[in-house]
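Here the structure is laid out as structure tokens; the discussion comes afterwards.
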Amino acid sequence: MAKANTVFTCQSCGAVHPKWSGRCDACGEWNTLVEETSSAAPGGLAAPKSSSRKAGKAEFTTLSAVEDAPTRHMIGVDELDRVFGGGVVPSSATLIGGDPGIGKSTLLLQVAARLARNGLSTVYVSGEEAAAQIQDRARRLKVAESPVELATETDLRKVMSSLKSANPDFVVIDSIQTMWSDSLEAAPGSVAQVRACAQELTRWAKKSGAALILVGHVTKEGQIAGPRVVEHMVDTVFYFEGERGHQFRILRAVKNRFGPTDEIGIFEMHQYGLAPAREPSALFLSNEDETSGGTAVFAAMEGSRPVLAEVQALVAASAYGTPRRSIVGWDANRLAMVLAVLEARCGVSLAGRDVYLSVAGGYRMSEPAGDLAAAAALLTSLADRPPPEKSVFFGEVALSGAIRPVARMDQRLKEAQRLGFKNAFVPEGSTGSFEGLTVKPLSRLSDLVDLIGPDPEP
Ligand code: TYD
Ligand code: MG
């Protein structure tokens with residue numbers, strides 16, 4: 001047995017330091033170093049004495065001679081299979097993160113049950129809940145009869161030996177933070193434990209051909225707790241998100257070695273579990289008819305799927321010297337930029353006024369194409385009159401005041417047409433024609449101001 005080392009591991013980034021300090025040099029976080037003792041320190045502090053080992057040879061294979069990847073397991077739910085990049089990949093490891101109570105266990109139990117019914121051998125290892133609790137949930141989900149093998153265990157050694165003898169096709173570990181390995185003295189949930197357990201499970205999955213899903217808790221900051229290295233170890237990282245108080249949940253790929261990362265799956269949480277959202281593109285529209293200003297519908301794209309979301313804005317006289325800028329669902333810097341362009345290029349001044357901007361339904365605008373919709377919401381609030389009936393907006397606003405084209409314009413317009421919209425304010429360059437939808441190409445932001453903005457002051 002090697003001599004025990006004391007090291008200090010950053011609980012935020014996983015960097016290993018020989019000495020304690022208040023701040024991690026690697027990531028700059030404060031108070032994240034925790035003392036850990038291990039026989040072989042992670043991070044290579046204790047170099048293995050490998051010189052006596054005879055070196056073997058790494059095998060080379062011609063690229064064209066590599067065997068085809070094994071076929072994927074289709075879950076049979078379109079929303080899920082698409083996010084996975086076309087089904088679950090054998091010999092792979094996936095990490096799913098999300099806030100507590102968002103529905104990770106529910107989702108994965110449903111997936112496991114579906115795959116088990118399709119004839120795969122499926123194991124669900126829970127370190128958080130008792131078997132009776134899981135069965136209770138399974139009854140609610142109406143999957144209690146599925147042949148899913150259940151284990152409530154946190155000892156990695158026991159989990160590994162059961163997995164090796166059962167040799168399943170699909171394994172869920174709920175959650176990776178509850179697993180602990182007795183080869184380390186660190187506490188369960190610590191970076192060292194999470195990393196060691198994830199590494200061992202991932203290595204096993206690659207060798208055995210199983211598809212492994214790890215559930216990861218997220219920290220207050222919304223990152224998967226434990227070191228970033230776990231994200232590097234696995235093939236795929238998903239986040240399961242949603243707003244409390246809203247029914248919908250979004251499964252978003254942030255890393256995917258087997259598929260695109262811009263795809264999302266949209267689900268609704270019902271009494272009997274999660275179901276694919278019925279009209280996902282209309283989920284973020286409010287049903288009220290606009291009678292006053294301050295709303296504009298953004299025709300967004302989430303990967304290959306169009307989504308329409310309502311942007312709401314309120315411009316009000318400021319009671320304080322420094323006006324407030326309050327934003328939900330968009331980026332503060334982009335708002336500042338749009339306000340600056342409105343002021344400098346279009347003569348619309350919002351200085352000295354409070355600006356509140358919020359995207360309905362908890363949707364988050366991440367595309368630059370949202371600029372035009374935000375500008376429209378601001379302008380109609382300022383003008384105190386709604387935009388033309390049933391309008392959608394998209395387009396990137398440049399600092400020069402020009403409106404730049406964005407990706408997949410026709411697809412956005414088609415979805416707007418399908419949902420019954422009548423007007424579209426868009427960048428120039430769309431070639432399609434859409435019956436019932438009047439497309440107004442704009443080249444500059446000032447064109448939008450002329451169309452829907454406040455009346456010019458005399
Ligand atoms: P859960 O899957 O336990 O969340 P996580 O594993 O991410 O912590 O989901 C818990 C929440 O989902 C809980 O607040 C209850 C709700 N829920 C439903 O609304 N319907 C259902 O059918 C189930 C099983 C849970
Ligand atoms: Mg859970």
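Remember, it's 1-based here, ligands and their atoms both numbered in the order they're listed. Remember, predicted model here, so these are calculated numbers, not experimental data.
- Applying the side chain to side chain contact (heavy atoms under 4.5 Å, CB included) criterion to R305, with sequence neighbours excluded, gives E79, R82, I264, I266, P280, E302, V307.
- At a threshold of 4.0 Å, the pair R324-D354 does not count as salt-bridged, since none of the basic side-chain nitrogens sits closer than that to a carboxylate oxygen.
- Protein residues with a heavy atom closer than 4.0 Å to ligand 1 are D99, P100, G101, I102, G103, K104, S105, T106, R137, R140, L141, M269, H270, Q271, Y272, G273, listed by chain and number.
- Crowding of K206 atom NZ: a count of heavy atoms from other residues, nucleotides or ligands under 6.0 Å exceeding 12.
- Judged purely by distance below 3.5 Å, without hydrogens or angles, the side chains of E415 and S281 pair a donor atom with an acceptor atom.
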Please list every donor-acceptor pair under 3.5 Å in which a side-chain atom of residues 139-150 meets a protein atom from a residue at least two apart or in another chain.
{"from": "R139", "atom 1": "NH2", "to": "Q135", "atom 2": "OE1", "distance (Å)": "3.2"}
{"from": "S146", "atom 1": "OG", "to": "V143", "atom 2": "O", "distance (Å)": "3.2"}

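- Between F284 and F248, the ring center distance clears the sub-6.0 Å criterion.
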Could you walk me through whether I134 and T152 pass side chain to side chain contact (heavy atoms under 4.5 Å, CB included), step by step?
-> CA-CA 10 Å; I134 301 168; T152 49; 4.2 Å; yes
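- The cationic group of K390 lies under 6.0 Å from the six-membered ring centre of F421 and within 45° of the ring axis, placing it in a cation-pi geometry.
- Residue E367 forms a salt bridge (charged side-chain N to carboxylate O under 4.0 Å, His left out) with just one option from R412, R404, R408, and that option is R412.
- Protein contacts to the Mg ion (ligand 2) involving N, O or S atoms at a distance below 2.8 Å are S105 OG.
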